[in-house]
*Asks:* 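Structure in structure tokens, see below.
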Amino acid sequence: MHFIKKIVYTSMDYNYNEIEKKWQDYWRSNKTFKAENISEKPKYYVLDMFPYPSGAGLHVGHPLGYIASDIYSRFKRHKGFNVLHPMGYDAYGLPAEQYAIQTGQHPAITTEKNIARYREQLDKIGFSFDWDREVRTCEPSYYKWTQWTFIQLFNHYYNNKTNKAESIADLVKIFKTEGNKNVNASTTQNDVFTAEAWKAMTEKQQQEMLMHYRMTYLSDTMVNWCPQLGTVLANDEVVGGLSVRGGYPVERKSMRQWSLRISAYADRLLQGFDKLDWSDSIKEIQKNWIGRSEGAEVDFKLAEGEQFLRIFTTRPDTIFGVSFMVLCPEHEVISSITTFEQKSEVESYLQWAKNRSERERQAEVNKITGVFTGAYAINPLTHEEIPVWISDYVLAGYGTGAIMAVPAHDSRDFAFARHFKLPIPQVVLPSGEQPEDTSLWKESKDSKEGTCINSGFISGMNVKDGIKAVIDFVEKEGIGKRMINFRLRDAIFSRQRYWGEPFPVYYKEGMPYMLDESKLPLELPEVDKYLPTESGEPPLARAKNWQTEDGFPLECNTMPGFAGSSAYYLRYMDPRNDNEIFSKEANTYWQNVDLYIGGAEHATGHLIYSRFWNKFLFDLGLCVKDEPFQKLINQGMIQGRSNLVYRVVGTNQFVSYGLKDNYETQAIHVDVNIVDADILDTEKFRNWMPDFANAEFILENGKYHCGWEVEKMSKSLHNVQNPDDLVIKYGADTLRMYEMFLGPLEQSKPWDTKGIEGVFRFIRKFWKLYHNENNDFCVTDEKTTAAELKVLHKTIKKITEDIERFSFNTAVSSFMICTNELNELKCHKHEILQPLAVLISPYAPHLAEELWERLGNLNSISTADYPVCNETYLVENTFNYPISFNGKTRFQMEFPIDTATSDIEKAVLSNPDAQKWLEGKIPKKVIIVPKKIVNIVI
RNA sequence: GCCCUGGUGGUGGAAUUGGUAGACACGCAGGACUUAAAAUCCUGUGACCAUUGCGGUCGUGCGGGUUCAAGUCCCGCCCGGGGUACCA
């Protein structure tokens, strides 16, 4: 009812539905926002994180970033830039495949359908995307280049000397002439071999050796295996031992998998930040994820035999305080060093540790477990014998899988030493303290600063000097060296799933080989079921003839989600190129993304993978910039605002919010779409669910008031707002401006439709500046007044400043203020209203286009120049000084702008109001800041 | 635990470089128009005290500090949101 009334009345004035459709059609048929790769104009590349097209469609949270980037794109066009503003779909993904498993419907069909829905929703909001450049990661013409890049990764290794990826063919040449003794590469093997030894290897042995160097490599690694999803996951896809998608438990398991040697780029990924305009918080998250630690690798000789244990430490100065060593349960020397007496105990511990899930291990961090191997090592500085233990608090994946324990100064070592009654020698003394009896300590002292004590030749040094002295010593002795360690692990790149890019890989005698580039794309085959085979192979193993023309079997794993999303921004530059990933010309013109807007949840996944991928392509000389995203903005989450009704326990009665405390009630989430301004539509409620058909209500003043809460937007909480309904009810321009008006782009904020009416009112007021009571266009050529010009130019200035600092919420209020002021001035003048239409067009493009046309212009408003502020209209002759006493403002006085401060002082002090506040006292001091404030100190 | 964020009216928020705290909007209250309602327009709206008018006191999570002047800078806490977690 409410809804129909609105349509009727709006057709009387601003008919947004008709106008918005008209201009969306116009933009589509005129390709208004097509970006050319050749242009005289300077370029500007604005990118949104492309969406995964889920079945639920867009909710109001999704377009927030898209609206901001669209405003900026349109602004930049007005400013004379050639703007690249594309959109596409991250189309591979688990939900479509899970749906396929359940229903048998091919994920391509589900995906296609979802994309169509997304497109329809996006179109209705009036985005200025260049749709000719749309990409979909699941299209063969797109993933051809994902596969192609994989081949390049396979054919390159990372040269630490030149600090870039170089060709494997060149590496083979070096191996042939001099072996690997002079090679400093990022590698997973340490053996040194000669040219002769290389030549003596079989092809298979050579391939196995090269695998340790390739940027993507096949290896047996401990992976995150998720049984419920039937696939392995990368580290960023696991949080707290559970899969991010679906929340299923994840186990550690050794499997033969493809990995990307992203760790080779760890240092460059860190250094790259200096040049980037990203928020500190997102840089910080990535820095922590990469986790650079400076320290040393030191070898501890075993007391028996010639073997040694290599450890990594950031605190070489504390070696004097090492009283035992600990190995991870997976450590390879365990079997050879364990003594006969300890053997059975060690074996049962290893068995126990192996069966412990990742989740249990993380949940029971405080549970101290471990076993003594019976072996002893020699502390290289004290030369004392120290016991070697095994415990799963030492991780196989970091450092060397073995640690030197410094119980006095490390909390985990301390807890372990206390539990197993091992000695705790103190070696660092914080300044101002005396050495203590460590047996009385309740916890370790993690002394990052202080003086070394009980530490041989470094006793008396401060920690920093001690570290340096010890490293120099171990390097001289040849038992250790300076070392930088990273937390960042190589990314596991295989997935045991159907709906992803096939690897361009076949196997010959168990060794992988790349398909010839001419065979790309290797298209995803049809399968009868989207499940693993009975023997546990991935779904692709079900495909018929999944082999090369020569009969060699093809890889059955597929690539992970981040494969297709790691270089899509580059493909947008030249998306229909079938001969290369993108042309040199296109890349040289577009360079990299100037502005990237998206959610902060991609900090440790997509944003790191993309930077890695881009740096690799940069090393190959394919792209001209080594960082993909110059400026990054993370839009905040839009939370849902839920409504609650209160059922009297055990009845079918619902009591209004204000009266609920008189009853024992149960709160129930109610669909926010049947609530208006917290007032429940009781009739709709009865029809909402069969359970409530006979609901009775206890009302307040004849109305049912709902309670409310801010929480995440989700179907199950019935608080999802989708943009389509709002576009129908208020129009796209109102939705766009309202989403911006909600608050700062980067902050999380609750969605509340209450306020949208205010923006809707504003849009109509704005329309009425150009129209009379009969909705006839009424803009005149009358001469402007100084007051009108001042309003216009003040607004130009403010809006331009706001847009440049991405403060869209304050820009919207400035438009409101401007409209209110022009309305008051009854201004309907062309000279004011034409530039104003351009000013608002990035925000409310449909409205602006319509007004632009009515103003007599023939081209799209997007071709108009952005108005320039003329400061001369803003010059003030006087300033209204706040007069404050001891910092408290009491009254105001107006003075001409150029009044001398001495004159101001005189005038203020003789003012009767001032006399009242002075209470006859003589001011100690009078501070006058021109055009700011007068402060009188008494 | 560690790291990053944020905390301002009934609500969303503004205050860009230390200079009149609460712009703009929602909501609410009152009024105009109307047979009535919707829409629109006008007025008021931080709290408290006073109210006949003038006014006054307090106030940006809490406690200190720097300053003529602090939402803004410094120190110490509290609370919310996000990230990360045996990383040696």
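Computed from a prediction, not measured in an experiment: that's the story for all the values here. Each chain gets a letter, A, B and so on, in the order the sequences are listed, and its residues count up from 1.
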*Asks:* Taking atom C1' of B:C2 as reference, at what distance in whole Å does atom CD of A:E284 sit?
*Replies:* 11 Å
*Asks:* Using the P atom as the point on both nucleotides, what is the distance between B:C74 and B:G59, in whole Å?
*Replies:* 22 Å
*Asks:* Just checking A:I285: base, sugar-phosphate only, or nothing, at a heavy-atom cut-off of under 4.0 Å?
*Replies:*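 The residue A:I285 makes sugar-phosphate contact but no base contact.
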*Asks:* With no angle test and no hydrogens, is the base of B:U16 tied to the side chain of A:K798 by a donor-acceptor pair under 3.5 Å?
*Replies:*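 Between B:U16 and A:K798, which were checked side chain against base, a qualifying N/O pair under 3.5 Å is present.
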*Asks:* Rounded to whole angstrom, note down the P distance from B:G64 over to B:U72.
*Replies:* 15 Å
*Asks:* Tell me whether the side-chain N/O atoms of A:K754 come closer than 4.0 Å to OP1 or OP2 in B:G27.
*Replies:*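 Answer no for this pair, as no side-chain N or O of A:K754 is under 4.0 Å from OP1 or OP2.
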*Asks:* Can you measure from CG (A:L381) to CD1 (A:I319) and round to the nearest 0.5 angstrom?
*Replies:* 5.0 Å
*Asks:* Between the side chain of A:R736 and the main-chain N/O of A:Y843, is any donor-acceptor distance below 3.5 Å?
*Replies:* yes
*Asks:* Counting only side-chain N and O atoms of A:N809, is one of them less than 4.0 Å from OP1 or OP2 of B:A14?
*Replies:*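 Yes, A:N809 has a side-chain N/O under 4.0 Å of OP1/OP2 on B:A14.
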*Asks:* Nearest heavy atom decides the nucleotide; on that basis, is A:P744 or A:G755 closer to the 5' end of RNA chain B?
*Replies:* A:P744
*Asks:* Do the charged groups of A:R292 and A:E294 touch, with an N to O distance under 4.0 Å?
*Replies:*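 A:E294 and A:R292: salt-bridged.
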*Asks:* Can you tell me which nucleotide in B:A88, B:U20, B:C24 comes closest to the side chain of A:S813?
*Replies:*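 Nearest listed nucleotide: B:C24.
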*Asks:* Taking the P atom of each, how far is B:U20 from B:G13, in whole Å?
*Replies:*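 Rounded to whole Å, the distance is 23 Å.
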*Asks:* Considering just the side-chain nitrogens and oxygens of A:N820, establish if one lies under 4.0 Å of OP1 or OP2 belonging to B:A25.
*Replies:* yes
*Asks:* Could you tell me how far apart A:I403 (CD1) and B:C86 (C1') are, to the nearest whole angstrom?
*Replies:*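 After rounding, the gap between these two atoms is 10 Å.
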*Asks:* For the residue pair A:W751 / A:N719, report whether a side-chain donor-acceptor contact shorter than 3.5 Å exists.
*Replies:* no
*Asks:* RNA chain B: A:N886 or A:D392, which has the more 5' nearest nucleotide?
*Replies:*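 Looking at RNA chain B, the more 5' nearest nucleotide goes with A:N886.
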